[in-house]
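These notes are about the structure you will find just below.
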Amino acid sequence: MRGLRFLLAALLAALVPAFAGAGQHFVPADPGALVAAIAGANPGDVLVLAPGRHDGPVTLERPITLDGRGQATIDGQGVADVIRVTGADVVVRGLTLIGSGNAHPVVDAAVKLDRTATRALIENNVMNENLVGVHVFGATESIVRGNTIIGRQDARMNDRGNGIYVWNAPGTIVEGNDIRFGRDGIFANASRDNIFRDNIMRDLRFAVHFMYTNLSEVSGNVSIGNHLGYAIMFSNRTQVTGNLSLRDRGHGLMLNFANNADVSGNLIRGGSHEKCTFIYNAHRNVIVGNRFEGCDIGIHFTAGSERNALTGNAFIGNRTQVKYVGTRDIEWSHDGRGNYWSDHASFDLDGDGIADAKFRPNDMMDHILWSQPAAGLLLGSPAVQLIRFAQAQFPATLPGGVLDSFPLMRAPEIPVPDDIAKLEAEARPAWQYGRFDDAELDPLTAH
């Protein structure tokens, strides 16, 4: 019997929560009150901050919750991070965070999650004009969601900080945030197994910027009026799916030394786009079911990008649908299914949804114009028209380039929600925000 009682007592002890002594405490908006409350908190405590301004900066070393209920502000007073998290299982929610430091070498932020800050939850906060919004500095399994992050505008764009900066932080989830101004919306560097989804990013340099970030997901995001939408650089096995790039200045999507990516279901719609998509030395990527619309160039392929599969995409109303300079043919269809081209005048007599004629988006004159821009003065001349007519009659004279043997008769539709369409209509061109040099925005050199 004594053994049974001992066993029952052990089972009951195992069922008691780890933070059984945890409680909820209200913190007045008095000088020094927040620092004192954090120092005296027990693991699992919830500190509810009274409406008003609270002194920062503060450090969270134990698993506690700071809850401002949407009415409390913590002011870092221009010193380091407003909130630095070093303990596991910390929650920061419902706060307005202002007044971080401005030191780039240590990356001052509204919230910094250090390496030991595992399983942190940063949600529903407003971070206003800090150097960086959230810096996930090696912390694993963090969640950053539902925050509004408004960056600084008082410096050249490249001298500002990022909205969310993820460094070597496997398992991080960044979702549902609204990020505006600053430098890059989300910058992920030397990381893996991350998810970035359903964020809205405006008036930035890059909306999403990957460097050496592998096995990660970029899905359902919206980029409006940025210099570049989604820059996937030196990264492997990335999923870029269901994103919108609307009125971004330079490129909507860029793959630079990016391999084995799944790029599908994205809408890239121009306005001032130079290129909907730029693919530079990127290999073995699957680019399927996207819509490239209203850009100067639909896709620019260069630097020997090979073994990429392109099918089911739509190229609509781009001044140049494809820019590719090469000496061999590249087939852009798969299993008898190609892409839709708005400038392909063709028929579908058997009604199978596939055009009866093959399509080449470029001819010899395009190649001449790319290599010798001054030749553009001759575009309307009878000689140029004669060359193009001759090539159409004798396809064997065409240079190497993109060939779509099974063009589609209908374009895939990718709807834009009404609230996003309203933001798109209100967006100003990205170049109107801040001071910058064109070299800072070069996707091949920007870091």
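Computed from a predicted model, the values in this text were never measured in an experiment.
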Between the CD1 atom in Ile186 and the NE2 atom in His209, the distance rounded to the nearest 0.5 Å is 12.5 Å

Considering all heavy atoms, the nearest His54-Leu49 contact: NE2-CB, 3.7 Å

Working to the nearest 0.5 Å, report the span between CZ of Phe234 and CZ of Phe257. 5.0 Å

How far apart are the closest heavy atoms of Val136 and Ser142, and which atoms are they? CG1-OG, 4.0 Å

Output yes when a side-chain donor or acceptor of Asn168 lies under 3.5 Å from a complementary backbone atom of Ser191, and no otherwise. no

When Arg183 is tested against each of Val132, Leu204, Asn162 for side-chain contact (heavy atoms from CB on, under 4.5 Å), which residue passes? Asn162

Between Pro361 and Trp341, what is the shortest heavy-atom contact and its length? CB-CZ3, 4.0 Å

Run the numbers on His104 and Asn102 for side chain to side chain donor-acceptor pair (under 3.5 Å), then give the verdict. CA-CA 6 Å; His104 282 274; Asn102 196 36; 4.8 Å; no

Donor-acceptor contact below 3.5 Å, side chain His283 vs main chain Glu306: yes

Between Tyr230 and Ser223, what is the shortest heavy-atom contact and its length? OH-N, 3.3 Å

How long is the straight-line distance from CG of Leu47 back to CD1 of Ile64, given to the nearest 0.5 Å? 4.5 Å

For Asp329, is there an ion pair with Arg360 - N to carboxylate O distance below 4.0 angstrom? yes

Let's go through Ile224 and Ile420 carefully: what are the C-alpha distance in whole Å and the side-chain angles of both, what is the deciding distance for side-chain contact (heavy atoms from CB on, under 4.5 Å) to 0.1 Å, and is it a yes or a no? CA-CA 9 Å; Ile224 301 176; Ile420 300 301; 4.2 Å; yes

Quick check: does any side chain N or O of Asn125 sit under 3.5 Å from a backbone N or O of Thr96, one acting as donor and the other as acceptor? no

Run the numbers on Phe196 and Phe210 for ring-ring contact (aromatic ring centres under 6.0 Å, His included), then give the verdict. CA-CA 11 Å; Phe196 306 96; Phe210 271 24; 5.5 Å; yes

Using side-chain heavy atoms (C-beta onward) and a distance below 4.5 Å, is Asn199 in contact with Val208? no

Report, as yes or no, whether the 6.0 Å neighbourhood of atom CG on Asp418 holds more than 12 heavy atoms from other residues, nucleotides or ligands. no

So, does Asp198 use its side chain to make a donor-acceptor pair with the main chain of Asn221 at under 3.5 Å? no

Do the rings of Phe278 and Tyr280 sit parallel, tilted or perpendicular, given the 30° and 60° boundaries? tilted

Would you check if the side chain of Asn313 reaches a backbone N or O of Ile287 as a donor-acceptor pair within less than 3.5 Å? yes

So that I can tick it off, tell me whether Arg119 and Glu141 are bridged by a salt bridge, with the cut-off set at under 4.0 angstrom between side-chain N and carboxylate O. no

CG of Asn189 to CE of Met233: how many Å apart, nearest 0.5 Å? 10.5 Å

Before giving the answer on side-chain contact (heavy atoms from CB on, under 4.5 Å), spell out for Glu175 and Ile195 the whole-Å C-alpha distance, their side-chain angles and the decisive distance to 0.1 Å. CA-CA 8 Å; Glu175 61 182 355; Ile195 297 175; over 6 Å; no

Measure from the side-chain N and O atoms of Asn266 to the backbone N and O of Ser264, and report whether any donor-acceptor pair falls under 3.5 Å. yes

Show, in sequence, the C-alpha distance, side-chain angles and deciding distance for Val134 and Asn177, and conclude whether the side-chain contact (heavy atoms from CB on, under 4.5 Å) test is met. CA-CA 11 Å; Val134 181; Asn177 301 283; over 6 Å; no

Which of these passes side-chain hydrogen bond (donor to acceptor under 3.5 Å, both in side chains) with Asn236: Asn214, Asn260, Asn259? Asn260

Check: Phe315 main-chain N/O paired with Gln321 side-chain donor or acceptor under 3.5 Å: yes

Please find the pair of heavy atoms, one from Arg197 and one from Ile173, that lie closest to each other, and give the distance. NH2-CG2, 4.2 Å

Residues Asn147, Val111; criterion side-chain contact (heavy atoms from CB on, under 4.5 Å); working and verdict: CA-CA 12 Å; Asn147 302 284; Val111 178; over 6 Å; no

Inter-residue atom distance Ile414.CD1 - Arg269.CZ, 0.5 Å rounding: 10.0 Å

Pairwise distance NE2(His300) to OG1(Thr277) - rounded to 0.5 angstrom: 12.0 Å

Short question: side chain of Ser235, backbone of Thr213 - any donor-acceptor pair under 3.5 Å? yes

For a 4.5 angstrom cut-off between non-hydrogen side-chain atoms, does Asp55 reach Leu34? no

Side chains of Asp81 and Pro57: does their closest heavy-atom pair fall under 4.5 Å? no

Under the ring-ring contact (aromatic ring centres under 6.0 Å, His included) rule, what do Tyr324 and Trp332 come out as? Steps first, then yes or no, please. CA-CA 12 Å; Tyr324 170 79; Trp332 278 13; 8.1 Å; no

Side-chain donor or acceptor of Asn308 paired with backbone N/O of Asn285 under 3.5 Å: yes

Would you call Ile98 and Thr73 a side-chain contact if the rule is heavy atoms closer than 4.5 Å? yes

Between Asn130 and Ser100 (side chain of the first, backbone of the second, donor and acceptor by atom type, cut-off under 3.5 Å), is there such a pair? yes

Run the numbers on Asp67 and Thr65 for side chain to side chain donor-acceptor pair (under 3.5 Å), then give the verdict. CA-CA 6 Å; Asp67 191 345; Thr65 296; over 6 Å; no

Can you confirm whether more than 12 heavy atoms, excluding those of Arg192, are under 6.0 Å from its CZ atom? no

Is the closest side-chain heavy-atom distance between Arg202 and Asp178 below 4.5 Å? yes

Can you name the closest pair of heavy atoms from Arg152 and Arg160 and give their distance? O-CD, 3.1 Å

Does Leu253 reach the side chain of Asn290, with side-chain heavy atoms less than 4.5 Å apart? no

Check whether any side-chain heavy atom of Glu123 lies under 4.5 Å from a side-chain heavy atom of Ile143, and answer yes or no. no

Side-chain touch Leu113/Thr172, heavy atoms, less than 4.5 angstrom: no

